[in-house]
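Below: one structure, written as structure tokens.
Since the structure is predicted, the reported quantities are computational estimates derived from the model, not experimental observations. Each residue takes its place number in the sequence, starting with 1.
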Amino acid sequence: PAGPLLEDLLSVARRDNPRRQVLFVSKVLGKHLVVDAGLPVLAGMALGELVAAQLDGNDGTQRFDAMEALANATRTGRRVTVDELAPPEAAASCVVLGFAETATALTHAVRRQLGRGPLGHTTRVDAGVPVLRAHEAHPHAVDHSVHHHDPGVLDHREPVVVVDDEFTTGATALGLILEIQRRWPRPRYVLASLIEKGRTRTMDGFTSEDGVSRRGRLVLDEAGARFE
């Protein structure tokens with residue numbers, strides 16, 4: 001689908017952090033700049049449409065109403081209407097996990113588009129015993145943990161959707177996926193972000209067929225994450 005232009009989604013700034021001196025300043029998240037209240041929700045729902053297309057096999061029959069509305073709203077500067085934020089009735093069978101801090105609200109909006117279902121995001125705050133831990137190499141606070149009211153939220157083999165506002169190298173997402181795969185093997189993941197540099201990465205991981213875990217090769221590219 002025709003989406004918004006890159007310059008309508010972000011600008012670039014410099015920050016005082018030797019580990020990562022470049023900051024993508026989002027024009028749609030409502031985290032860095034003041035925006036219309038409906039725009040961050042619409043941005044997440046548009047991203048959710050792309051996720052739904054991946055989960056459904058991307059057979060060409062999907063509608064991308066939220067994506068078209070986002071492109072129009074960012075191009076013209078108009079306000080987002082309530083009707084454009086109405087979620088679909090159908091629910092996708094998946095677990096949606098997002099990264100703190102920038103993508104927390106984005107993750108909720110992606111889940112809104114995908115319908116009711118398991119939802120969680122990481123935190124850098126010590127909040128007790130987590131369901132899952134992950135590590136991020138470049139920021140000032142490197143440890144992520146996921147807490148959920150259901151400790152068995154990842155027990156099933158349904159796809160996991162990993163959401164962030166941008167994937168620069170994909171290393172953090174890969175680390176999270178590998179930790180999930182080590183403990184709760186499943187055949188499929190979908191990566192979702194507003195900005196992605198398009199670099200293909202591979203990493204040794206675990207794949208699972210018929211409940212049997214095997215060593216495999218985890219490949220991350222524009223199609224998501226898969227094991228080969």
Side-chain angles (χ1 to χ4, degrees), residues 1-13 15 22-123 159-168 172-173 190-198 222-224:
L5 299 175
L6 182 62
E7 56 263 33
D8 291 333
L9 289 178
L10 62 83
S11 57
V12 180
R15 62 181 177 183
V22 174
L23 173 68
F24 292 124
V25 180
S26 175
K27 298 179 180 180
V28 298
L29 281 179
K31 293 277 189 175
H32 305 119
L33 303 173
V34 177
V35 300
D36 171 50
L39 192 59
V41 182
L42 185 61
M45 293 180 68
L47 186 57
E49 285 181 335
L50 299 179
V51 172
Q54 288 288 329
L55 294 174
D56 292 340
N58 207 8
D59 60 8
T61 64
Q62 293 84 2
R63 294 175 58 89
F64 296 96
D65 296 335
M67 183 64 72
E68 293 175 3
L70 178 65
N72 179 266
T74 55
R75 184 176 65 252
T76 65
R78 67 168 178 83
R79 295 180 66 87
V80 176
T81 67
V82 173
D83 290 342
E84 289 171 328
L85 302 180
E89 295 182 1
S93 177
C94 61
V95 178
V96 180
L97 298 177
F99 282 105
E101 285 82 12
T102 311
T104 51
L106 180 68
T107 303
H108 283 254
V110 170
R111 180 78 266 184
R112 178 182 179 87
Q113 179 64 33
L114 295 174
R116 296 178 64 87
L119 165 70
H121 57 74
T122 70
T123 178
V160 170
V161 179
V162 180
V163 181
D164 208 348
D165 60 308
E166 51 98 0
F167 290 130
T168 306
T172 305
V190 177
L191 303 179
S193 69
L194 295 176
I195 305 297
E196 192 268 320
K197 293 184 67 175
E222 65 277 1

#### Entry: Shortest non-hydrogen separation from P40 to A109 and the atoms involved
O-CB, 4.2 Å
### Task
Would you mind listing every side chain to side chain donor-acceptor pair (under 3.5 Å) that reaches into residues 81-96, with sequence neighbours excluded?
R78-E84, T81-E84, S93-E158
### Task
For L42 and L85, work out which heavy atoms get closest and say how close.
N-CD2, 3.8 Å
### Query
Is the closest side-chain heavy-atom distance between F99 and T107 below 4.5 Å?
no
### Query
Would you say the side chain of L194 lies within less than 4.5 Å of the side chain of L29, judging by non-hydrogen atoms?
yes
### Query
Does T104 have any side-chain contact (heavy atoms from CB on, under 4.5 Å) partners at least two apart in sequence or in another chain, and if so, which?
K31, A100, H121
#### Entry: Closest heavy-atom pair and its distance - L106, G44
CD1-CA, 3.5 Å
### Query
Do Q113 and P88 come within less than 4.5 Å of each other through their side chains, counting heavy atoms only?
yes
### Task
Could you check if a side-chain atom of L33 sits within less than 4.5 angstrom of a side-chain atom of K27, using non-hydrogen atoms only?
yes
### Message
Within the structure provided, determine whether L97 and V161 are in side-chain contact (heavy-atom separation under 4.5 Å).
### Response
no
### Message
Just so I know, are the side chains of L10 and V25 near enough to count as touching, which here means a heavy-atom distance under 4.5 Å?
### Response
no
#### Entry: Minimal non-hydrogen separation, E49 against M67, with atom names
OE1-N, 2.9 Å
### Message
With a 4.5 Å cut-off on side-chain heavy atoms, are P87 and R116 touching?
### Response
no
